[in-house]
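Here is the structure we will look at, set down as structure tokens.
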Amino acid sequence: MPELAEVEFFRKQWDPGLGQKVVTVQLHPRKRIFRGTDPRKIVESLPGRRFLRSYARGKRMLFEFTGGNWIGLHLGMTGKLRTEPAGFRPEKHDHFVLQQTRQALVFRDARLFGRVRFHQGKSEPAWWRLGGPEIASAQFDRHFLDAFLNRHSRAPIKAVVLMQDGFSGIGNWMADEILWRAGIEPSVRAGELSARHRARLLRETRFVASEALRVIGPAFADPPPDWLIHQKWKRAGVCPRHKSRLRKGTLGGRTTAWCPLCQKK
DNA sequence: ACCCCTGTTCGGCG
DNA sequence: CCGCCGAACAGGGG
């Protein structure tokens, strides 16, 4: 589920807890979402701390608490954040819950591909600094894109658009949406993209990211009806422009839909 | 029953 | 050594 805009939506679901203390932490310490971190430290450190603010970068989120306590969250395939009334009893897949006086902040993740990290220190954790530039930032420009495409010149462009170091926050549906709008056939090797296609790739990546944030970020509304996403999961999906059948295949290990009329090598 | 999956990581291999 | 690809992870839904 979660790419850039959905991540931003879920980040805000914990806003009702801002400024308030964590009373208790409920978690399942053996679950895979805690791989690489010691969940007992979270249970020991977070109670009594106030939730100060949160950040989103691509598909990653960071939650800051007083006393230099930081929680990093990644939603994986099926992670969701929500708020429940005080006294909430965690259900089967609610693996990480921060109980506050007035509400409970809940991380649910059925498939456990998501991840919870913990950091203590005055400033942000080192792993938060890593990763590619935000698509909305000035650093995501023609120069950066050229270098990234050339570094992965032998990979199909679809696989490259899914790489988080270059296309921060882009996931499978946004990648197909971008390539369809840019008129690029998804199996083309990144290094073989023409200057014209590179310019369109940059423009449409920015467009799809900003539009998705605008439409989905605040309320999880549907993208406009003429977007490819509404067609790509249908068995008989059609190109929104030509109304002809989309082609389906696997690229970069992921299901891919494209329109042979719109998208060329 | 069986197949599919909006993500990431890791081992194999060219 | 670099980098791509498929498998694995785990569970719910069609």
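- Residue order along DNA chain C, read from the 5' end via each residue's closest nucleotide, puts A/R151 first among A/R151 and A/T250.
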For the pair A/F65 and A/W70, evaluate ring-ring contact (aromatic ring centres under 6.0 Å, His included) and give the outcome as yes or no after the intermediate values. CA-CA 6 Å; A/F65 298 82; A/W70 309 76; 9.2 Å; no

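- When the P atom of B/dT9 is taken as reference, atom CZ of A/R32 falls 11 Å away, rounded to whole Å.
- Of the listed nucleotides (C/dC5, B/dT6, B/dT8), B/dT6 has the atom at the smallest distance from the side chain of A/W173.
- One interatomic measurement links the two molecules: CG of A/L4 to C1' of B/dT6, which rounds to 12 Å at whole-angstrom precision.
- Defined by atom type and a distance below 3.5 Å, a donor-acceptor pair is missing between the side-chain atoms of A/Q103 and A/E84.
- For the pair A/T255 and B/dT6, the criterion of a side-chain N or O lying under 4.0 Å from OP1 or OP2 is met.
- Toward the 5′ end of DNA chain B lies the nearest nucleotide of A/K59, the other residue of the pair A/K59 and A/R154 mapping further downstream.
- Side-chain atoms of A/H93 lie closest to C/dG12 of the nucleotides B/dT6, C/dG12, C/dG3.
- C/dA7 and B/dC3: their P atoms are spaced 14 Å apart (whole Å).
- Of the charged side-chain nitrogens involved, none lies within less than 4.0 Å of a carboxylate oxygen, so that A/E44 and A/R40 do not count as a salt-bridged pair.
- Across the protein-nucleic acid pair, A/L149 atom CG and C/dC4 atom P stand 12 Å apart, rounded to whole Å.
- A pairwise comparison of heavy atoms in A/W180 and A/C239 identifies NE1-SG, 3.6 Å as the closest pair.
- When rounded to the nearest whole Å, the span between NZ of A/K31 and P of C/dC9 equals 15 Å.
- Residues A/K158 and A/N172 bring a donor and an acceptor atom of their side chains to less than 3.5 Å of each other.
- Considering only side-chain N and O atoms, A/H152 lies under 4.0 angstrom from the phosphate OP1 or OP2 of C/dC4.
- Residue-level contact check: A/R254 touches the bases, meaning some heavy atom is under 4.0 Å from a base atom.
- Among C/dG12, C/dC9, B/dT6, the nucleotide with an atom closest to any side-chain atom of A/K92 is C/dG12.
- The distance from atom CE of A/M77 to atom P of C/dG13 is 14 Å, rounded to the nearest whole Å.
- The distance between atom CG of A/D109 and atom P of B/dT6, rounded to the nearest whole Å, is 15 Å.
- As judged by a 4.0 angstrom heavy-atom cut-off over every strand, A/K248 is placed among residues making no nucleic acid contact.
- What separates CG of A/L251 from P of C/dC5 is a distance of 8 Å, to the nearest Å.
- Aromatic stacking is not marked for A/F113 over B/dT8, as the cut-offs of 5.5 Å for the centres and 30° for the planes do not both hold.
- Pairing partner, B/dT6: none, since no Watson-Crick or wobble contact has both distances short of 3.5 Å.
- Whole-Å rounding puts the A/W233 CH2 to B/dC3 C1' distance at 14 Å.
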